[in-house]
Amino acid sequence: MRVLVTGAAGFLGSHLCQRLLDEGHHVIGMDNFVTGRAQNMAALFENGGFHFVQHDVTNFVYVDGPLDAVMHFASPASPIDYLELPIQTLKVGSLGTHKTLGLAKAKGARYFLASTSEVYGDPLVNPQPESYWGNVNPVGPRGVYDEAKRFAEAMTMAYHRYHGLDVRIVRIFNTYGPAMRPHDGRVVSNFIRQALSGEPLTVYGDGSQTRSFCYVTDEIEGIYRLLMSDWVGPMNIGNPDEMTVIELAELVLELTESSSPIETRPLPQDDPQVRRPMIDRAKEVLDWTPQVPLRVGLEKTIDYFRQLGDEGRARGRA
Ligand code: NAD
Ligand code: UDP
């Protein structure tokens, strides 16, 4: 297949491109580097099947030649990124989705949307099945991301229903692993960076809120299987092992053998109290379940952060 991946310089986009190349596909990566980094793509260029185009996908997207799939992963994804870039986040989820859908339609390509567990907002149902419509505050600070993704899902389904476009929608739950930016502000990157630097681990609120963390290779496996399946409509891909943020802090301290203290900070507005995917659909349709236990995935991520060294981990500090 010849596949366009938007957001190719990002954490998930770069892993996805690598997986597609490993499967023998040709990949065109596209990114404007608003939150991504060229170094994430360094290994991809070793494969002759990879090409890169620097472009902001909220503008008209032109790609020469045929395409079999368009995978739209471009979007700021970490809460501190999308709070800093509210308009760009709304634009890439709305205009960027529209432009890439139009491209897929013109090329007769399959369309794959990277959506998110944030479409469920601060959920009143736990775990979250795909049939749950969510509890989102449209005018709160997180609304820029949540509503952009909800619009993107609606637009994707409209192209499917009205134009007959072949579409896939993955709802990605908190994913972690190598290639995360140390200063992306997400909880796993913050805690590992803080533990390795001897800084306090910053727990927001009382740390009783829950998340379920999926290692990146598991997430990409689910995404690849969904791309290759014939399932139209949303699919949760995430690890259902739920834990509190304070438990995660303690585990990171144990695995890094760090003596950093834990300090509390105010809980951000509309921070979801619970999050856990129901993955029955992925099990049944894709025969997919996560394989990497949290301890193992965290150890690999800690190794990656160690290899960056003090200087690498400090880079990109706001
Ligand atoms: P990331 O910030 O590392 O990567 C996003 C990439 O998109 C970056 O390289 C950025 O430069 C690029 N980008 C943003 N706006 C763009 C634009 N207008 N034009 C071109 N490129 C643009 O984030 P990530 O964690 O890799 O997330 C990738 C996708 O997965 C996002 O759509 C995100 O919403 C979704 N997602 C991720 C997670 C997670 O846990 N990582 C969870 C849910 C959903
Ligand atoms: N969090 C925290 N300390 C940090 C960063 C995040 O306690 O330094 C909390 C945050 O409030 C949320 C959870 O960790 O409850 C996950 O946050 P993250 O930014 O990783 O992503 P989210 O799941 O909120 O999109």
Side-chain angles (χ1 to χ4, degrees), residues 5 7-19 21-22 29 31-47 50 52 54 73-85 114 172-204 211 213-220 239 245 247-263 265 292-318:
V5 176
F11 164 50
L12 288 180
S14 58
H15 282 278
L16 173 64
C17 290
Q18 187 63 63
R19 174 63 189 268
L21 293 169
D22 290 347
D31 207 292
N32 67 351
F33 298 115
V34 67
T35 58
R37 297 176 300 174
Q39 73 195 65
N40 285 343
M41 298 189 295
L44 304 176
F45 286 105
E46 288 166 20
N47 185 309
F50 183 72
F52 178 72
Q54 185 169 344
F73 276 65
S75 172
S78 139
I80 62 159
D81 285 344
Y82 57 75
L83 297 182
E84 215 169 275
L85 303 164
I172 301 169
F173 283 65
N174 297 64
T175 302
Y176 69 98
M180 292 183 95
R181 245 168 53 234
H183 282 276
D184 73 5
R186 289 186 255 212
V187 69
V188 173
S189 7
N190 270 7
F191 285 176
I192 294 179
R193 179 177 49 75
Q194 291 162 342
L196 293 180
S197 318
E199 293 168 21
L201 270 61
T202 52
V203 166
Y204 301 162
R211 294 293 186 276
F213 299 99
C214 188
Y215 189 62
V216 62
T217 52
D218 282 334
E219 188 67 44
I220 296 294
N239 191 314
V245 164
E247 284 168 343
L248 176 71
E250 282 160 2
L251 183 56
V252 169
L253 288 178
E254 181 198 321
L255 295 175
T256 52
E257 297 176 349
S258 167
S259 52
S260 288
I262 292 177
E263 288 183 3
R265 299 276 187 277
V292 182
L294 183 62
R295 277 175 175 270
V296 176
L298 282 178
E299 273 165 359
K300 289 175 192 283
T301 312
I302 290 166
D303 280 352
Y304 169 79
F305 273 59
R306 276 195 211 281
Q307 281 164 24
L308 291 177
D310 290 338
E311 206 180 302
R313 285 196 300 276
R315 209 169 287 143
R317 187 190 293 270

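FYI, side chains are in, hydrogens and waters are out, and symmetry mates aren't considered; it's all heavy atoms of this structure.
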Indicate whether any N or O donor in one side chain lies under 3.5 Å from an N or O acceptor in the other, for Asp22 and Gln18. yes
Side chains of [X] and [Y], heavy atoms from C-beta outward: is any pair under 4.5 Å?
{"X": "Phe213", "Y": "Leu294", "result": "yes"}
{"X": "Glu250", "Y": "Ile262", "result": "yes"}
{"X": "Glu254", "Y": "Arg295", "result": "yes"}
{"X": "Arg186", "Y": "Tyr176", "result": "no"}
{"X": "Val187", "Y": "Arg211", "result": "no"}

For Phe52 and Phe33, take the angle between the two ring planes, folded into 0 to 90°, and tell me which bin it lands in: parallel under 30, tilted 30 to 60, perpendicular over 60. tilted
Which word best sums up how the rings of His15 and Phe11 line up, parallel for under 30°, tilted for 30 to 60°, or perpendicular for over 60°? perpendicular
Minimal non-hydrogen separation, [X] against [Y], with atom names:
{"X": "Ser14", "Y": "Asn40", "result": "CB-O, 3.5 Å"}
{"X": "Phe305", "Y": "Pro182", "result": "CE2-CA, 3.7 Å"}
{"X": "Leu248", "Y": "Phe191", "result": "CD2-CD1, 3.8 Å"}
{"X": "Arg193", "Y": "Glu199", "result": "NH1-OE1, 3.8 Å"}
{"X": "Ala114", "Y": "Ile172", "result": "CB-CD1, 4.0 Å"}
{"X": "Val216", "Y": "Gly177", "result": "CG1-CA, 4.2 Å"}

Suppose we screen for side chain to side chain contact (heavy atoms under 4.5 Å, CB included). Which residues come up paired with [X], at least two apart in sequence or across chains?
{"X": "Ser258", "answer": "Ala195, Leu253, Thr256, Ser260"}
{"X": "Glu299", "answer": "Leu255"}
{"X": "Tyr304", "answer": "Arg37, Pro178, Leu308"}

Asp184 vs Thr35, side-chain contact (heavy atoms from CB on, under 4.5 Å): CA-CA, chis, key distance, verdict: CA-CA 9 Å; Asp184 73 5; Thr35 58; over 6 Å; no
Measure from the side-chain N and O atoms of His183 to the backbone N and O of Arg313, and report whether any donor-acceptor pair falls under 3.5 Å. yes
To the nearest 0.5 angstrom, please state how far the [atom1] atom of [X] sits from the [atom2] atom of [Y].
{"X": "Phe45", "Y": "Leu21", "atom1": "CZ", "atom2": "CG", "result": "10.5 Å"}
{"X": "Gln54", "Y": "Asn32", "atom1": "CD", "atom2": "CG", "result": "7.5 Å"}
{"X": "Gln307", "Y": "Ile302", "atom1": "CD", "atom2": "CD1", "result": "12.5 Å"}

Please lay out, stage by stage, how Leu298 and Val188 fare under the test side-chain contact (heavy atoms from CB on, under 4.5 Å). CA-CA 8 Å; Leu298 282 178; Val188 173; 4.0 Å; yes
Taken in chain and number order and not counting sequence neighbours, the residues that satisfy salt bridge (charged side-chain N to carboxylate O under 4.0 Å, His left out) with Asp81 are Arg181
Set of residues satisfying side chain to side chain donor-acceptor pair (under 3.5 Å) with respect to Arg19, sequence neighbours excluded: Glu23, Glu221
Residues in side chain to side chain donor-acceptor pair (under 3.5 Å) with Ser197, at least two apart? none
